[in-house]
Amino acid sequence: MATVTLNNVVKRFGNFPVVHGANIDIKDGEFVVFVGPSGCGKSTLLRMIAGLEDITDGEIAIGGKLVNDVEPADRGIAMVFQSYALYPHMSVEQNLSFGLRMTGNPKADTDRRVKRAAEILRISELMERRPKKLSGGQRQRVAIGRAIVREPQVFLFDEPLSNLDAELRVQMRVEISRLHKELGTTMIYVTHDQTEAMTLADRIVVLRGGHVEQIGRPLDLYDDPDNQFVAGFVGSPKMNFIKGRIVGRDAHGVVVELAGEEKTRIVQPLTGAAPEAGSKVIVGVRPEHFGIAGEGDADLTLAIDVVEHLGGTSFVYARTANGEDVVVQRDAAKVPDTPEITVSIRKSYLFDEKGLRLR
């Protein structure tokens with residue numbers, strides 16, 4: 001097991017920067033997920049840690065040892081890719097043992113490692129099969145097994161579940177989480193799926209455009225985002241954003257009037273300096289933070305477009321008087337059969353025009 005430290009890591013392709021001074025400290029045995037939209041630099045960061053991509057500037061250390069100029073095979077890492085990359089002419093047992101056999105590892109130790117990996121991943125009964133006779137989930141287990149047998153200091157996962165269907169992704173998330181608890185090894189996992197990030201991670205690194213936007217525990221990012229991007233990226237359905245302006249202040253905080261809703265005002269507590277009256281702001285409300293009319297600080301009437309019934313929960317897709325799209329989460333029995341719905345705002349977040357959180 002090992003720590004992983006990125007100190008002001010920069011990556012440029014020619015004159016085009018793709019990672020802008022990343023500073024990340026990953027603890028020994030921690031499960032950290034890099035998450036963000038396509039092109040945010042998360043896979044590039046992972047490949048630099050693995051040594052598959054040179055860094056332009058900064059330092060990367062694994063287990064306290066600087067590895068900028070260390071070959072990938074000597075970094076004590078094992079990587080699991082999106083593609084399974086199994087040898088089709090080899091059995092599961094041969095796929096698992098191939099890397100160790102090629103490096104001249106003693107046969108007894110190779111057999112021990114292969115047997116242990118197969119038991120951990122529950123694929124012992126598949127050892128004689130070839131990849132074409134395995135399901136997608138079984139193939140991914142074998143790919144993970146090839147990493148386990150190396151007994152690395154750090155596991156690197158590059159969107160390993162992207163090729164699986166929805167049901168298998170859920171199963172494999174559970175398997176990977178169980179694997180981490182059993183092995184206790186440092187793991188770094190890249191995904192664009194915030195659900196994977198929330199369910200797997202000890203901590204999440206949210207990236208956008210090569211910048212680290214925020215690092216924190218899943219529920220900390222959910223409850224206390226630093227900016228509008230993180231607030232909108234973490235959570236499903238994502239947070240609603242409604243334009244507003246500050247119209248005053250009282251003993252409890254700033255008074256915000258929602259755009260197009262002169263009678264709908266909320267009071268937002270702020271511990272820091274408040275913007276001046278008349279300043280434009282953005283009010284963030286999660287779908288589950290809308291309540292029944294009269295329950296919260298302010299009531300808001302929305303025009304209903306579509307209702308998705310998902311068993312006990314329903315999502316109401318609607319619009320404000322100003323034409324802004326809003327998603328409301330409700331118990332299925334509490335969705336009215338009307339063209340409009342009146343909701344209360346029970347909890348909200350406030351952001352300035354640049355998207356920075358106002359606290």
Side-chain angles (χ1 to χ4, degrees), residues 35-38 40 162 165-167 169-170 173 191-199 204 206 208 213 218-219 221-225 227-245 256-266 268 280-353 355 357-358:
V35 69
S38 297
C40 70
S162 297
D165 60 38
E167 184 177 354
R169 282 202 300 272
V170 173
R173 283 207 307 266
T191 181
H192 63 275
D193 185 336
Q194 62 90 26
T195 301
E196 284 183 19
M198 292 289 287
T199 54
I204 296 173
V206 182
R208 176 175 61 163
E213 293 288 330
L219 291 182
L221 297 186
Y222 182 84
D223 291 328
D224 192 21
N227 55 52
Q228 187 180 348
F229 175 79
V230 174
F233 197 85
V234 176
S236 181
K238 71 175 188 177
M239 183 182 287
N240 300 290
F241 298 111
I242 305 171
K243 294 178 182 177
R245 66 184 182 93
V256 180
E257 179 181 274
L258 302 186
E261 304 279 353
E262 288 76 13
K263 296 182 180 180
T264 303
R265 295 183 175 185
I266 63 170
Q268 187 74 32
K280 294 180 180 179
V281 291
I282 299 165
V283 177
V285 186
R286 295 203 179 278
E288 62 270 30
H289 290 162
F290 287 111
I292 303 296
E295 283 186 345
D297 295 335
D299 287 348
L300 181 65
T301 299
L302 306 169
I304 297 176
D305 287 330
V306 176
V307 178
E308 287 184 346
H309 295 293
L310 303 174
T313 301
S314 295
F315 293 114
V316 180
Y317 294 83
R319 287 171 286 112
T320 67
N322 203 41
E324 294 172 302
D325 292 329
V326 173
V327 182
V328 178
Q329 180 177 321
R330 274 289 172 82
D331 290 342
K334 296 181 180 180
V335 178
D337 188 18
T338 59
E340 291 185 339
I341 183 173
T342 300
V343 296
S344 66
I345 298 174
R346 293 187 288 111
K347 182 179 179 180
S348 59
Y349 300 81
L350 203 61
F351 306 91
D352 65 18
E353 283 192 285
R357 174 87 178 277
L358 297 172

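Only heavy atoms go into these numbers, but all of them, side chains included; no hydrogens, no water, no symmetry mates.
No side-chain donor from either of Gln329 and Thr313 sits under 3.5 Å from a side-chain acceptor of the other.
Residues Ile292 and Arg330 are in side-chain contact: their nearest non-hydrogen atoms beyond the backbone lie under 4.5 Å apart. Looking at Thr264 and Glu257, their side chains never come closer than 4.5 Å, going by heavy atoms from C-beta outward. Between His289 and Met239 the shortest side-chain heavy-atom distance does not fall below 4.5 Å. Between Phe290 and Val316, every side-chain heavy-atom pair lies at or beyond the 4.5 Å cut-off. Using a 4.5 Å heavy-atom cutoff, the side chains of Asp299 and Val343 are not in contact. Taking 4.5 Å as the limit, every side-chain heavy atom of Thr320 sits out of range of all side-chain heavy atoms of Lys243. In this structure, the side chains of Ile304 and Pro339 stay at 4.5 Å or more apart for every pair of heavy atoms. Residues Asn322 and Glu261 fail the side-chain proximity criterion, which asks for heavy atoms closer than 4.5 Å.
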(request) Assess whether side-chain contact (heavy atoms from CB on, under 4.5 Å) is satisfied between Glu340 and Thr342, documenting all intermediate values. (result) CA-CA 7 Å; Glu340 291 185 339; Thr342 300; 5.9 Å; no
(request) Take Leu358 and Val281 through the side-chain contact (heavy atoms from CB on, under 4.5 Å) test and state the conclusion after the steps. (result) CA-CA 9 Å; Leu358 297 172; Val281 291; 4.1 Å; yes
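Between Gly284 and Phe241, the closest heavy-atom pair is CA-CD2, 4.1 Å. Taking every heavy atom of both residues into account, Val285 and Ser348 meet most closely at CG2-CB, 4.0 Å. Between Ser314 and Val335, the shortest heavy-atom distance links the atoms CB-CG2, 3.7 Å. Between Ala197 and Thr191, the closest heavy-atom pair is N-CG2, 4.3 Å. Contact detail for Val230 and Pro225: the closest heavy-atom pair is CG1-CB, 4.0 Å. Listed here is the closest heavy atom pair of Ala332 and Gly311: CB-O, 3.3 Å.
How far CD of Gln194 is from OG of Ser236: 5.5 Å, rounded to the nearest 0.5 Å. In this structure, the separation between CZ on Arg208 and CD on Glu213 is 4.0 Å, given to the nearest 0.5 Å. Expressed to the nearest 0.5 Å, how far OG1 of Thr199 lies from CG of Asp193 amounts to 7.5 Å. For the atom pair Tyr349 OH and Asp224 CG, the distance stands at 7.5 Å (nearest 0.5 Å). Going from atom OG of Ser162 over to atom NE2 of His192 covers 5.5 Å, rounded to the nearest 0.5 Å. Distance check: Lys347 NZ to Asp223 CG gives 5.0 Å after rounding to the nearest 0.5 Å.
Side chain of Asn240 to backbone of Val327: a donor-acceptor contact under 3.5 angstrom is found.
For Arg173, the salt bridge (charged side-chain N to carboxylate O under 4.0 Å, His left out) criterion is met by no residue, not counting sequence neighbours. By the ring pair (Phe, Tyr, Trp, His ring centres under 6.0 Å) test, Phe233 pairs with Phe229, sequence neighbours left out.
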